[in-house]
Enquirer: 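After the structure tokens below, expect a handful of questions from me.
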Amino acid sequence: MPSYDVMPDVQLFQPAEVDDALNLVDQYGKDGWILGGGQDTYGWLKDRAKHPTALIDLNGIEALHGIRETVDGIEIGATTTLREIIASPLINRDFELLVRAASRVASPQIRNVGTLGGNVSQDARCWYYRRGLACYRAGGNICYADSPQGMNREHALFDASRCVAISPSDTATALVALEATMIARSVNGSRNIAAEDFFVGPATHITNMTSLESDEILTAVQIPSRWAGSRFYFEKVADRDVWDFALVSIAVVMKMDGDTIAKSRFVCGGVACTPYRLLDVEKAARGKTLSDESGDAIAALASQGAKPLNYNHFKIPLMENLVRRAMRG
Amino acid sequence: MDLVMYKNDVWGREVILGVSWELLWVVVVAAFVVIAAHAIIVGNRKQAPRPSSEGKHIERHDGKDRIFHWVMAASVMVLLVTGIFPIIGIEFSWLTLHWVAGLVLTASVVFHIVRSLFWQDLASMNIRPSDLKETFSTAKKPGKYSIEQKGMHAAVTVLVLLVIGSGLVMFAMIDTPWWERTNSLSEATLGWVFLIHGLSTLALIAAISLHIYFSLRPEKLFYTRSMIKGWISEEELKAHHDPDKWPKDSA
């Protein structure tokens, strides 16, 4: 597959209003490509692995940008950059988990231009798929990663269905843990989608990572106040400290009742095609204190049901150890 | 419009990917046109009086065969919904439902094959040259099955065996409770399997559309009733079949 340094011939639209962008998305449908920070886009287009006819650049739309306090939490515009999220006093005060997750995305340069909407909507990073091979996710009839010779060190432990790619987004795990709501708009109206339902696995939609339809734009992310100021834990394990995707990550929110955990949400990244809730861990953590002993007691629950591939068994102890570390006092 | 979709395999060679699903709409439109044309033509004809369903009952389908038919019908419907809906954009978690329904269909077809080979009169479904005379002469009546019914049975037999055969190969290519997938077929071979599965599915959609249409036509409703209750009346037998051939052809 050839790789180019230049963009292909594609029409660029830079609407200034959301309605104009929605009309363009409606007009071009699957031939249109929504552009945020471009960090997922340019690779696809320069590799000639995707062939949209229209780029719809959302960065000029003021209404999609910024962080606003709402009656019940905050709303972050989809084109708000990761750097702006990291620097936001409001988010630092109430939802530091998202700050920690955003701080671990890629590199400083990428965080300067990468947007929250783009980070949660980015496509799978499976190299067979990104290479332009006609795998299941590309509409084909085979998974190259899950074959006897397939290199699947970074791939899924859970919920694979034909495709074994994982969700690459660091902020996605934090948003699922914080019970965020994604706001999707089309010319036909607006949809509020729970973050947990926003990300879809291959059993449901093998060619999409999210439940966004081709005529919809993710306009904002709302985070309710119910977890504001809670105890947070985020950790990402990757081969490199910067500019790398998670091998496994964990985002945890906990409501404490004195010294014990009253309520929690544990979400792992890098182990399934969607942010993966550790429901058994959450149940077991209730009433426990934060300690090494508690961590040891519940860590093994994290990997129950895992189906490792040829080269990713190491993710099982990695998941368990991340739960242990989240449970430390 | 393409009949077949192609892709480049991992070595860059062009191989078959599967059937072009644009054909689905061709099949749907063609089936609708045939059904509409038939309905208009038959509707303009003078209708013969319908025989009474009262009187003596003649068994047409044994209980086991009726159960087989409806199990097969249900499984085929589930297979079509779970196979086709995601292709036309209605997304849901379909794969497990699909293969479970496929196994039900396979088991029911195996049951039917064994039963027809050893307990039924398989020859009654054979299409003979003499059957063609039924088409051109109203005086010539069929035995238990008309040539149209035999033709539909033959077509569905071939298509279901093709869809099951290709489906079982595809089944081996996914993870199940009994094995993990092997991905052991070459991409070219896999493409042929997908093509056969897709083409036989499209042909089945056409065949089933016609089957359902004819089973709901007023003059054929007694056949549908016989597939539910098992019998036709003596008058219906005399009106549509040759009673002398009936016992010979009957199971």
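Side chains included, hydrogens not; waters and symmetry mates left out as well; all remaining heavy atoms used. Letters go in sequence order (proteins before strands), and every chain restarts at 1.
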Enquirer: For B/His38 and B/Tyr213, take the angle between the two ring planes, folded into 0 to 90°, and tell me which bin it lands in: parallel under 30, tilted 30 to 60, perpendicular over 60.
Expert: perpendicular
Enquirer: Any donor-acceptor pair under 3.5 Å linking the side-chain atoms of B/Glu187 with those of A/Asn141?
Expert: no
Enquirer: Please tell me whether A/Thr171 and A/Asn119 have a donor and an acceptor in their side chains that are separated by less than 3.5 angstrom.
Expert: yes
Enquirer: Name the region of B/Phe194, side chain, backbone, both or neither, that has any atom closer than 4.5 Å to a heavy atom of chain A.
Expert: side chain
Enquirer: A/Tyr136 ring centre to A/Arg162 NZ or CZ under 6.0 Å, with the angle to the axis within 45°?
Expert: yes
Enquirer: Less than 4.5 Å to any heavy atom of chain A: does that hold for the side chain of B/Leu190, its backbone, both, or neither?
Expert: both
Enquirer: Sort out for me which of A/Cys143, A/Gly140, A/Ser161 touches chain B most, counting heavy-atom pairs under 4.5 Å.
Expert: A/Cys143
Enquirer: Which bit of A/Cys135 is near chain B, if near means a heavy-atom gap under 4.5 Å: side chain, backbone, both or neither?
Expert: neither
Enquirer: Is A/Asn208 in contact with chain B via its backbone, its side chain, both, or neither, using a 4.5 Å heavy-atom distance?
Expert: neither
Enquirer: Hey, is CH2 on B/Trp179 packed in by over 12 heavy atoms from elsewhere, all under 6.0 Å?
Expert: yes
